[in-house]
Amino acid sequence: MSWAQSVTQCIQSGGVLTSVEDLDESNFLTEHADLYASKTSGFWIGIYRNVNGELLWQDSSALDFVNWGDGQPSGDELAFCVELSASTGNWSVLPCSSQKGFICKKPKITFYLFTDAKKDKASGHLNMWILLTLVLIILLGVGFMIYFLFKIKTGSETGREVRWGSRQLQYGRALTAGDNGSDATNDKEKNELSAV
């Protein structure tokens, strides 16, 4: 693609042609560009010369690092474009209509990271409340179960005591009735003895 077509493609994908801010970034790009050396000899990067003759990056980063090849840039042309060599990583000036690959750079968006962190924190709080609710439900269930088991157990023992108590009462009445008869006999004997 030409340099202008490459710029358009990068913009459509949410980025710009790449800037190269230091040697580490240059080495990284060269290492990855080398993988495509069989398809293209170089890639368009986002350096350009404005109407005042100043070299600028498309993403407005500072032009503190350059990696020009030998004899580059050649001339003071206003309309020139820069390619990064796929094999060496050096930069060279080419006509903008040349067909090259291109490297886009998308800006880091910390807003999404901030939002994700908030989501994770909110999600953590939600998970904590769900867990706490489940624990309370389980504890209430266990408490009710213990209460009803205790109630059933004490209820059946109370029934046994009542039945046993009623048997004792019936036996006691029988004894008392028997004692009353003998008491009447004893009273009769006492009355007879006192009459004599």
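For the pair V82 and W68, the minimum side-chain heavy-atom distance is below 4.5 Å. Using a 4.5 Å cut-off on side-chain heavy atoms (C-beta onward), V16 and V7 make no contact. The shortest side-chain heavy-atom distance between S6 and L17 falls under the 4.5 Å cut-off. For the pair W57/V20, a side-chain contact is recorded, criterion being any heavy-atom separation below 4.5 Å from C-beta on.
Summarising the geometry of I47 relative to W3, their closest heavy-atom pair is O-CZ2, 4.1 Å, with the distance given to 0.1 Å. Summarising the geometry of V93 relative to Q72, their closest heavy-atom pair is N-OE1, 2.8 Å, with the distance given to 0.1 Å. Shown here for S13 and C104, the closest heavy-atom pair between the two residues is OG-SG, 4.4 Å.
Between the side chain of S98 and the main chain of L94, no donor-acceptor pair closer than 3.5 Å is present. The backbone N or O of M1 sits less than 3.5 Å from a side-chain atom of W44, completing a donor-acceptor pair.
Interatomic distance, Y147 OH to I152 CD1, rounded to the nearest 0.5 Å: 11.0 Å. Taken to the nearest 0.5 Å, the CZ atom of F102 stands 9.5 Å off from the OG1 atom of T8. Here the straight-line distance linking atom CD of E25 with atom OG of S61 works out to 8.0 Å at 0.5 Å rounding. We find the OG1-CG distance between T88 and N67 to be 7.5 Å, quoted to the nearest 0.5 Å. Distance check, rounded to the nearest 0.5 Å: OG1 of T30 to CZ of F43 gives 10.0 Å. Rounding to the nearest 0.5 angstrom, the gap separating the CG atom in N50 from the CG atom in L56 is 4.5 Å.
Below 30°, between 30° and 60°, or above 60°: for F65 and W91 the angle between ring planes is above 60°, a perpendicular geometry. A tilted orientation is assigned to the rings of F28 and H32, their planes being inclined by 30° to 60°.
With sequence neighbours excluded, no residue satisfies side chain to side chain donor-acceptor pair (under 3.5 Å) with Q9.
For S19 and K105, the side-chain atoms include at least one donor-acceptor pair closer than 3.5 Å.
Residue pairs that meet the salt bridge (charged side-chain N to carboxylate O under 4.0 Å, His left out) test with at least one member in residues 84-101, sequence neighbours left out, are E83-K100.
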